[in-house]
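Report on one structure; see the data block that follows.
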Amino acid sequence: MSVPPLRDLARFCTPPMLRFAQALDTQLRAAMERAFPEAAAEASAAGRPLDPQLAPASKPEFGDFQANGALALAKPLQQAPRQIAAALLAELEADTAFGALCLPPQIAGPGFLNLTLRPEVLAAEVQRRLGDPRLGVPLAVAGGAGAAPVIVDFSSPNIAKEMHVGHLRSTIIGDAMARVLEFRGQPVLRLNHVGDWGTQFGMLITHLKQVAPAALDTADAVDLGDLVAFYRQAKQRFDADEDFQTTARQEVVRLQAGDPVSLKAWGLLCDQSRREFQQLYERLDIRLNERGESFYNPYLEAVVADLDAAGLLVVDAGAKCVFLEGMQGKDGKPLPLIVQKSDGGFNYATTDLAAIRYRFAAPPAGDGARWLIYVTDAGQANHFAGVFQVARRAGWIPGGARLEHVPFGLVQGDDGKKLKTRSGDTVRLKDLLDEAVERCEADLRRRLAEEERQEDEEFVRQVATIVGLAAVKYADLSTNRITNYQFSFDRMLALQGNTAPYLLYAVVRIAGIARKGGDLGGGDLAGAQAAVAEPQAGSPEALQFSEPQEWALVRELLKLDTVIAEVEQELLPNRLCSYLFELSQVFNRFYDQVPVLKAEPAARRSRLALCRLTADTLKLGLGLLGIATLERM
RNA sequence: GGGGCUGUAGCUCAGCCGGAUAGAGCGACGGUUUCCUAAACCGUAGGUCGUGGGUUCGAGUCCCGCCAGCCCCGCCA
């Protein structure tokens, strides 16, 4: 039961498990004030009220929560920590509300106060969640229709290039974050900031004019593969040939100025790429609004003018720049952020600034966002730090708004270097997904043969597709995004360990119980809504648990709300993955050691309820990661 | 030269306002199947948390120095 910092409690709208934490925190604070009135008054006067330091228990045997506050009080109070804990305990035992929530606390170790929620409280909470399609996860306070949107800027491939593994991380992480925010009821604007406007177009158009002019005024004259080849050639010429460089730069300026011939060529190139990207997004089940760099073209001049008006603009070596505070480049000189090149062209810094300005600006001249999330690789950290600083100094970030870069590490191969194909090329995303699905299919066919199972082709194809894509997504999401991540088909497709197949198998096992006659009471989120009124604790209809594996599963299930709150707060999808993995492990232990279908009626009903809540929780959690589940595999 | 990120078991990784004996998975070794899919479960071995200081009742976690790896640093994005 992860408890976020207490100062953040309010923003979570007191979800069930956090509701317990908040109640306990209040009760503990009151107990501290009663036990040590002088110290409490003193601390309050100093602006630092006594803190019981309520935290999730570090181990199951310590209960559900622990209060560490007694240790910190030892010095100021000149008392032994255990003695302080005992005084607190005496006050808590006099509190009937506390007694209704918790069993008698234990003093342990140097002075920890261990708190265990009453079994009937936990069982009642399970019952409530069975009747709640949101499984106890509340809607955000600040969300709802009409609220200022959260913008998640992710994926962002470049036109005339193919999507590769680098885009995979941004796409998958961004989508997962957007799904979590949406589930919390936040209005989310998913923006695909495609690279459709830079120097690359100058290069490409200039090159195509010379070698394949048809591509510039006829739709589908070349396919994306050709385009990629042309792009590569153009890049080579750009790097090697100064004349070409100059012509290309002039071409960019023409395009950005709205020259019709350049614009038409540009439009054709974009359409070509767009269709290709869309296929991948559909395959990955990702919804995205394209709003490329070109969208901000009309605002670029205003950005520069605004910066000038704010007194931030400096012309240096012909380029218009803003010098960054607290950052220096080589030779110890101040580091400039160039917003207009000496040839008059704008660059990505200008576009990014225009985007920030537009996204925070009030509608209809902007998005009126209150929170901007950029999901890009960690290599751009400096760039965003600079751009954010300039946006702040220009006054474009409203008070209370959040603006953050959500960086992620490189995708590496087995050698620890940036992932490449054997021939040294960048790995195309399409090929990578194909291989994952193919490997899954081969694996499944081998298994079917071994077990002498008969399944039709449709089944094999569907399972391989879902498991393969799930494995790729899950592998990416399950490591802390900031670290580089080592891509390995063998590891991500492994059937055991922290992998998608392991989690999917847990769902399949529960579906198996349902097939073999277990009435899960609807078994899905929609069915949960039809659940009957909550029975009173102690009544014959109430859920009853006796086995340790049942209680372990109950406690794990009830963590969902705090985990989601944490993922939203920290923007770390891997926390959700860890949780779902642990839940699967706890469930598998339960499944292994506790009979469900063969249990006595009362126990059977309670265990089936746990199975249903487990399946619903796994499906919900995996759904937030963009991963579909199966009934059989 | 400046900045950023990373360094935890043989390998891949977790580690949530600083809290009790540092956790998983893989791999290794050993065990479990009249029973809901054994794609599972149980057990054993394996760590001076890069390193040296500091703060603290308490440091993998916070601060400073150092070492190693990766990334970024004026007209590419």
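Below, each value reflects all heavy atoms present in this structure, side chains not excepted, and no hydrogens, waters or symmetry copies. Throughout, protein chains are lettered first and strands after them, A, B, ... in sequence-line order, and every chain is numbered starting at 1. Every value quoted in this text rests on a predicted model; they were computed, and no experiment measured them.
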Working note: A:Arg555 + A:Asp64, criterion salt bridge (charged side-chain N to carboxylate O under 4.0 Å, His left out); need CA distance, chi angles, decisive distance, verdict.
CA-CA 8 Å; A:Arg555 290 194 152 88; A:Asp64 293 307; 2.5 Å; yes

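- For the pair A:Arg491 and B:C11, the criterion of a side-chain N or O lying under 4.0 Å from OP1 or OP2 is not met.
- As judged by a 4.0 angstrom heavy-atom cut-off over every strand, A:Thr199 is placed among residues touching the sugar-phosphate backbone only.
- When the C1' atom is used for both B:A14 and B:U8, the distance is 10 Å, rounded to whole Å.
- Using a 4.0 Å heavy-atom distance criterion, A:Val594 is classed as a base contact.
- Residue A:Arg509 places at least one side-chain N or O closer than 4.0 Å to OP1 or OP2 of B:A38.
- Side-chain atoms of A:Ser58 come within donor-acceptor range of the base of B:A20, with a qualifying N/O pair under 3.5 Å.
- With no hydrogens or angles considered, no side-chain donor-acceptor pair links A:Tyr296 and A:Asp352 at under 3.5 Å.
- A straight line from CD of A:Glu451 to P of B:A38 spans 10 Å, rounded to a whole angstrom.
- Look at A:Asn480 and you'll find a side-chain N or O under 4.0 angstrom from OP1 or OP2 of B:G15.
- Heavy atoms of A:Tyr485 sit under 4.0 angstrom from primed sugar atoms or phosphate atoms, though from no base atom.
- Using a 4.0 Å heavy-atom distance criterion, A:Pro501 is classed as making no nucleic acid contact.
- Side-chain atoms of A:Gln66 come within donor-acceptor range of the base of B:A20, with a qualifying N/O pair under 3.5 Å.
- Classification of the A:Phe487-A:Phe489 ring pair by plane angle, with boundaries at 30° and 60°, yields perpendicular.
- When the P atom of B:U6 is taken as reference, atom CD1 of A:Ile482 falls 6 Å away, rounded to whole Å.
- If you check every strand for non-hydrogen atoms under 4.0 Å, A:Asn347 touches sugar and phosphate atoms only.
- Checked by distance alone, A:Thr479 brings no side-chain donor or acceptor within 3.5 Å of a matching partner on the base of B:C13.
- Comparing B:G23 with B:G15, their P atoms are spaced 15 Å from each other, to the whole Å.
- Residue A:Lys341 places at least one side-chain N or O under 4.0 Å from the OP1 or OP2 atom of B:C76.
- Nucleotides B:C63 and B:G10 have their C1' atoms positioned 34 Å apart, rounded to a whole Å.
- Phosphate contact (OP1/OP2 of B:C76, side-chain N/O of A:Gln200, threshold under 4.0 Å): absent.
- Note on A:Asp490: nothing from the nucleic acid sits closer than 4.0 angstrom, heavy atoms only.
- Nucleotide B:G43 forms a pair with B:C29, judged by Watson-Crick or G-U wobble geometry with both contacts under 3.5 Å.
- Within the 4.0 angstrom heavy-atom criterion, no nucleotide atom of any strand lies near A:Phe238.
- Residue-level contact check: A:Lys59 touches the backbone only, with heavy atoms under 4.0 Å from sugar-phosphate atoms and none from bases.
- Within 4.0 Å (heavy atoms only), A:Asn588 reaches sugar-phosphate atoms of the nucleic acid but no base atom.
- Annotation: B:G46 and B:G58 have their C1' atoms spaced 27 Å apart (nearest Å).
- Contact annotation for A:Asp343: no contact, since no heavy-atom pair falls under 4.0 Å across all strands.
- Atoms CG (A:Asn498) and P (B:G15) sit 11 Å apart, rounded to a whole Å.
- Base pairing annotation: B:U48 forms no Watson-Crick or G-U wobble pair, as no partner gives both donor-acceptor distances under 3.5 Å.
- The phosphate of B:C75 has neither OP1 nor OP2 within less than 4.0 Å of any side-chain N or O from A:Gln245.
- The separation between A:Asp414 atom CG and B:C26 atom C1' is 14 Å, rounded to whole Å.
- In this structure, B:A68 forms a base pair with B:U6, meeting either the Watson-Crick or the G-U wobble geometry with both donor-acceptor distances under 3.5 Å.
- Of the two residues near RNA chain B, A:Glu631 and A:Phe346, the one whose nearest nucleotide lies more 5' is A:Glu631.
- For the side chain to side chain contact (heavy atoms under 4.5 Å, CB included) test with A:Phe201, the passing option among A:Asn158, A:Ile159, A:Val252 is A:Ile159; the others fail.
- Note on A:Gly379: only backbone sugar-phosphate atoms sit closer than 4.0 angstrom, heavy atoms only; bases stay farther off.
- Between A:Gln53 and B:C17 there is no side-chain polar atom (N or O) within less than 4.0 angstrom of OP1 or OP2.
- Contact annotation: A:Arg575 reaches the phosphate of B:G15 (side-chain N/O to OP1 or OP2, under 4.0 Å).
- Side-chain nitrogen and oxygen atoms of A:Asn484 include none within less than 4.0 Å of the OP1 or OP2 phosphate oxygen of B:G7.
- In this structure, B:G23 and B:C13 make a Watson-Crick or G-U wobble pair, each of the two defining distances being under 3.5 angstrom.
- Looking at heavy-atom distances under 4.0 Å, A:Gly109 makes contact with a base.
- Scanning atom types as modelled, no donor and acceptor separated by under 3.5 angstrom connect the side chain of A:Asp352 and the base of B:A77.
- Between the CG atom of A:Asp239 and the P atom of B:C75 there is a distance of 12 Å, rounded to whole Å.
- Spacing between B:A39 and B:C26 at atom P, rounded to whole Å, works out to 14 Å.
- OP1 or OP2 of B:C16 has not a single side-chain nitrogen or oxygen of A:Ser578 nearer than 4.0 Å.
- For B:G74, the glycosidic angle deviates from 0 by 90° or less, giving a syn base.
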Test log, rule salt bridge (charged side-chain N to carboxylate O under 4.0 Å, His left out), inputs A:Asp443 and A:Arg439:
CA-CA 6 Å; A:Asp443 203 53; A:Arg439 284 178 180 238; over 6 Å; no

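- For A:Lys75, a side-chain nitrogen or oxygen approaches OP1 or OP2 of B:C57 to under 4.0 Å.
- Using a 4.0 Å heavy-atom criterion, one finds that A:Ala349 contacts no nucleic acid atom at all.
- Using a 4.0 Å heavy-atom cutoff across all strands shown, A:Glu582 reaches no nucleic acid atom at all.
- Between the base of B:C41 and the side chain of A:Asp592 there is no donor-acceptor pair shorter than 3.5 Å.
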